[in-house]
Trainee: 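Once you've had a glance at the structure underneath, I'll fire off some questions.
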Amino acid sequence: MMKKMIVLMAVLLALLLSACKQLQQAVMDPGNSTSPTTQIPQSTEPTAPADGNPNDVTCKGSYSATDSEAESSADTVVATLGAAKLTNGQLQVYYRMAVAAYAQENGPDMTKPLDVQLCDADDTAVTWQQYFLAQALDTWQRRQTFALQLEGDALSQEQKAFLDGLSELTGGDTALTEYAKVLNHSYLFMLNTSEELRPTEEEMEQLLAEKTGDETLCVDIRYILLPAGSEDVQVILDAFLAAYGQEDDFAMLARQYSMDEGTRKNGGLYTHLEQGDLIPELDSWCFDPERKTGDYVVIETELGIHILYFRGINGDAAADTMAAVIRQRTAQAMDEIAGQYTAQVDYSKIQLAPLSVYDVTDAQLLFDQTAGEKIPEMPLMIQQNYPYSYYGPGRTVSSHGCGLTCFAMVATYLLDEEQSPADLGPRFASYSAPEGTARSLFNEGPATMGFGLVSQTMDDEEALTALKDGHVVVSLQQRGLFTEGGHYIVLVEYQEDGKIKVLDPNKYNYVKNSIREDGFANGFEEKYITAGARLYWIYEKKTLVDPACTYCGSEDTEIFARDYYCDDCRELLAFRELFEQYCG
């Protein structure tokens with residue numbers, strides 16, 4: 001019995017010694033332990049990885065520094081590209097912008113340090129801090145490559161003025177201003193290069209001849225919106241049909257009756273509509289395969305009563321083709337430049353301050369080529385410069401078009417796009433009369449062009465008050481300083497000295513009369529205008545935005561199923577998309 005107890009105690013002692021040995025091994029080398037009961041719990045607090053390759057972003061496991069450390073190294077150069085240098089202070093902006101621009105769903109937790117969060121978005125970086133640092137350096141290199149190409153004398157006055165005002169735009173932040181400078185230098189280089197790459201007239205003729213017809217179908221319409229139950233529907237239709245269903249008459253009715261503030265002023269015009277842009281009830285009518293120019297319809301929805309006039313399939317193939325060619329050529333030119341420089345980065349010197357994000361985006365810092373005026377001053381047009389331009393049967397702009405030429409000057413300025421009398425002559429030939437231009441052109445023409453008439457008046461004081469307030473005014477003159485019969489002139493500006501700036505389409509009025517010669521040079525006294533004035537047309541002030549446009553406008557137009565962009569903004573956004581491809 002005693003012998004059995006001794007044997008049992010020996011077995012128990014052996015088991016105990018074996019367990020102690022396994023525990024000792026688990027402590028010394030926990031990775032080799034296979035028993036879950038003997039593992040030592042590990043810390044769950046995340047830590048930055050070890051330092052890595054000194055030649056890429058893994059150089060440091062963590063680039064985090066205190067505010068004071070980052071500030072003390074703000075002037076330290078951490079990268080060079082040709083003659084360009086990137087300081088640690090400037091890098092902070094690129095890094096913050098890279099973080100702010102990241103919009104993927106499976107991103108990092110912004111409430112935790114980025115240097116301890118593993119990144120699965122890019123296999124070249126271990127942590128999200130390293131990933132955003134790589135993005136920041138890449139953005140600087142790409143933008144700086146193009147910015148170095150920009151020559152100062154290639155900038156317009158408007159572009160120079162914008163660059164000079166960057167400090168005000170950034171609130172005086174030196175690093176952010178430098179960031180915005182490089183951003184805009186690269187953008188303006190691409191923009192100005194694209195302008196230089198415009199195809200010639202001969203190239204355009206060949207390109208248009210080669211078009212396949214497979215392009216996206218776009219349509220243009222005119223549109224009137226009325227409240228539900230409105231009794232004006234029949235009034236509008238009767239007036240429209242009484243005028244033989246002409247587009248110009250629909251445009252005038254839109255201006256008079258439509259509730260759609262997005263297009264009321266321009267005669268209800270919407271252009272470049274693609275299928276799916278409008279709410280289904282309107283969209284299906286516009287894109288019916290049987291639809292043809294001149295069709296009209298009344299459609300009722302919960303939004304109200306819609307009267308649509310089908311202007312036709314958008315035939316501006318030349319503009320669309322030119323824009324596409326310019327983008328293609330610009331991309332090719334940028335491809336040739338992109339690899340000219342390679343940045344040299346000293347990762348060991350980089351220190352990143354605690355993360356904070358700017359409340360400004362790249363888009364807000366970029367030069368906006370649609371915001372400025374292309375035609376800031378009304379141009380002088382002389383009717384005698386168009387001796388062969390058609391303006392009705394047996395008439396030319398030179399012989400009968402003083403009114404048409406005035407209308408072209410006003411339209412060019414208010415629409416911010418050249419409107420030549422030679423082009424407008426055939427369009428408005430119905431307003432040509434034996435004695436010249438019919439007065440009704442100045443009432444009816446604006447709505448069809450896209451600008452607005454405020455009023456027609458015989459009151460001198462009303463016209464001059466409007467002129468002082470910044471409105472453009474056309475005056476029909478009879479016997480007086482400007483004519484012995486009937487003549488149109490444009491009153492452009494009421495000057496500070498009390499004189500009026502006048503543009504006269506008749507070249508012969510600029511000579512052989514000292515009062516006129518002095519007036520055209522320095523401005524006319526009121527008495528010379530009012531003495532011969534029979535009638536005035538006052539026009540709405542110039543505006544550079546399309547109210548219905550999602551980008552530049554301010555009106556919420558409910559008939560759209562998705563964003564609508566005017567022609568200028570469509571071109572702008574297409575170019576910015578190209579810029580983003582190379583410098584985003």
Side-chain angles (χ1 to χ4, degrees), residues 103 187 190-191 194-195 198 215-225 251 254 258 260-287 303 306 308-328 330-331 361-375 414-417 449-452 542-584:
Y187 184 79
M190 284 188 65
L191 179 64
S194 71
E195 289 298 317
R198 284 182 175 275
E215 294 77 17
T216 302
L217 177 66
C218 296
V219 301
D220 297 344
I221 65 170
R222 289 196 183 270
Y223 171 72
I224 296 173
L225 174 64
S258 184
D260 181 40
E261 291 301 322
T263 60
R264 184 183 60 80
K265 292 182 180 180
N266 71 0
L269 182 62
Y270 283 114
T271 63
H272 272 95
L273 297 175
E274 296 182 15
Q275 192 159 13
D277 280 351
L278 300 172
I279 57 176
E281 297 91 334
L282 309 188
D283 197 73
S284 60
W285 183 83
C286 289
F287 289 90
L303 301 176
H306 316 266
L308 282 74
Y309 174 90
F310 190 73
R311 195 167 184 247
I313 295 174
N314 188 286
D316 199 3
D320 293 342
T321 301
M322 179 173 286
V325 171
I326 291 174
R327 286 195 297 271
Q328 181 184 26
T330 302
T361 65
D362 283 351
Q364 293 170 316
L365 295 174
L366 271 178
F367 174 77
D368 186 346
Q369 59 264 42
T370 67
E373 290 182 272
K374 291 180 284 188
I375 305 176
L414 293 181
L415 297 176
D416 207 39
E417 184 176 358
M449 294 290 291
F451 61 96
K542 185 174 187 176
T543 177
L544 297 176
V545 302
D546 183 332
C549 177
T550 301
Y551 185 80
C552 71
S554 58
E555 297 295 335
D556 185 12
T557 306
E558 296 181 331
I559 65 169
F560 283 99
R562 57 193 183 196
D563 291 342
Y564 169 76
Y565 298 101
C566 66
D567 291 344
D568 285 343
C569 290
R570 187 181 299 108
E571 183 177 345
L572 167 72
L573 295 175
F575 183 82
R576 288 198 172 181
E577 184 178 341
L578 179 65
F579 176 75
E580 180 74 16
Q581 177 183 333
Y582 285 92
C583 297

Trainee: For the CD atom of Gln369 and the CD atom of Glu195, what is their distance to the nearest 0.5 Å?
Mentor: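 If we round to the nearest 0.5 Å, Gln369:CD and Glu195:CD are 8.5 Å apart.
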Trainee: Taking side-chain contact (heavy atoms from CB on, under 4.5 Å) as the definition, give me every residue that meets it alongside Val325, ordered by chain and number, with sequence neighbours left out.
Mentor: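 Expected list: Pro199, Leu207, Thr321, Arg329.
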Trainee: State the CZ-CG distance between Phe451 and Asn266, to the nearest 0.5 angstrom.
Mentor: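 The CZ atom of Phe451 sits 11.5 Å away from the CG atom of Asn266.
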Trainee: Please list, chain by chain and in numerical order, all residues satisfying salt bridge (Lys or Arg N to Asp or Glu O under 4.0 Å) with Glu558, sequence neighbours excluded.
Mentor: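 Counting only residues at least two positions away or on another chain, Glu558 forms no salt bridge (Lys or Arg N to Asp or Glu O under 4.0 Å).
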Trainee: Sorted by first residue and then second, give each salt bridge (Lys or Arg N to Asp or Glu O under 4.0 Å) pair with at least one member in residues 569-584; sequence neighbours left out.
Mentor: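 Matches after skipping sequence neighbours: Asp567-Arg570.
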Trainee: Nearest 0.5 Å please: distance from the CG atom of Leu573 over to the SG atom of Cys549.
Mentor: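 If we round to the nearest 0.5 Å, Leu573:CG and Cys549:SG are 7.5 Å apart.
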Trainee: Say you draw a straight line from CG of Leu217 to CG of Leu273; how long is it, rounded to the nearest 0.5 Å?
Mentor: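 Separation between the atoms: 10.5 Å.
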Trainee: Applying side-chain contact (heavy atoms from CB on, under 4.5 Å), can you list everything that pairs with Ser554, at least two apart in sequence or on another chain?
Mentor: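 None.
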Trainee: Partners of Glu274 by side-chain contact (heavy atoms from CB on, under 4.5 Å), sequence neighbours excluded?
Mentor: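 In terms of side-chain contact (heavy atoms from CB on, under 4.5 Å), with neighbours along the sequence ignored, Glu274 is linked to Thr216, Cys218, Asp277, Arg562.
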Trainee: Is Tyr582 close to Thr330 at the side-chain level, that is, under 4.5 Å between some pair of heavy atoms?
Mentor: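 Sidechains of Tyr582 and Thr330: no contact.
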Trainee: With a 4.5 Å limit on heavy-atom distance, are the side chains of Leu225 and His306 in contact?
Mentor: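 Of all side-chain heavy-atom pairs linking His306 with Leu225, at least one is under 4.5 Å.
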Trainee: Go through the structure and list residues passing ring-ring contact (aromatic ring centres under 6.0 Å, His included) with Phe579, not counting sequence neighbours.
Mentor: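 ring-ring contact (aromatic ring centres under 6.0 Å, His included) list for Phe579, sorted by chain: Tyr187.
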Trainee: My understanding is that only residues two or more places apart in sequence, or in another chain, count here; which of them pass salt bridge (Lys or Arg N to Asp or Glu O under 4.0 Å) with Asp283?
Mentor: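 Once residues adjacent in sequence are excluded, Asp283 has no partner under the salt bridge (Lys or Arg N to Asp or Glu O under 4.0 Å) criterion.
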Trainee: Partners of Ser258 by side-chain hydrogen bond (donor to acceptor under 3.5 Å, both in side chains), sequence neighbours excluded?
Mentor: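 Result, side-chain hydrogen bond (donor to acceptor under 3.5 Å, both in side chains) vs Ser258: none returned.
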Trainee: Can you tell me how far the CD atom of Glu417 sits from the CE atom of Met449, to the nearest 0.5 Å?
Mentor: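 One finds 8.5 Å between CD of Glu417 and CE of Met449.
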Trainee: Taking side-chain hydrogen bond (donor to acceptor under 3.5 Å, both in side chains) as the test, write out the residues that go with Gln275, two or more places apart.
Mentor: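 Applying side-chain hydrogen bond (donor to acceptor under 3.5 Å, both in side chains) to Gln275 gives none.
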Trainee: In chain order, what residues pass the side-chain hydrogen bond (donor to acceptor under 3.5 Å, both in side chains) check against Tyr564, with sequence neighbours excluded?
Mentor: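 Scan of Tyr564 (side-chain hydrogen bond (donor to acceptor under 3.5 Å, both in side chains), adjacent residues dropped) gives none.
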Trainee: The test is side-chain contact (heavy atoms from CB on, under 4.5 Å); show your working for Val219 and Arg311 and say whether it passes.
Mentor: CA-CA 8 Å; Val219 301; Arg311 195 167 184 247; over 6 Å; no
Trainee: For Glu373, give me all partners under side-chain contact (heavy atoms from CB on, under 4.5 Å), at least two apart in sequence or on another chain.
Mentor: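 In terms of side-chain contact (heavy atoms from CB on, under 4.5 Å), with neighbours along the sequence ignored, Glu373 is linked to Pro376, Tyr413, Asp416, Lys542, Leu544.
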Trainee: Residues in side-chain hydrogen bond (donor to acceptor under 3.5 Å, both in side chains) with Gln364, at least two apart?
Mentor: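 Per chain and number, Gln364 pairs via side-chain hydrogen bond (donor to acceptor under 3.5 Å, both in side chains) with Thr361.
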Trainee: With rounding to the nearest 0.5 angstrom, report the CG to CG distance, Leu282 to Leu303.
Mentor: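 Atom-to-atom, Leu282:CG and Leu303:CG are 8.0 Å apart.
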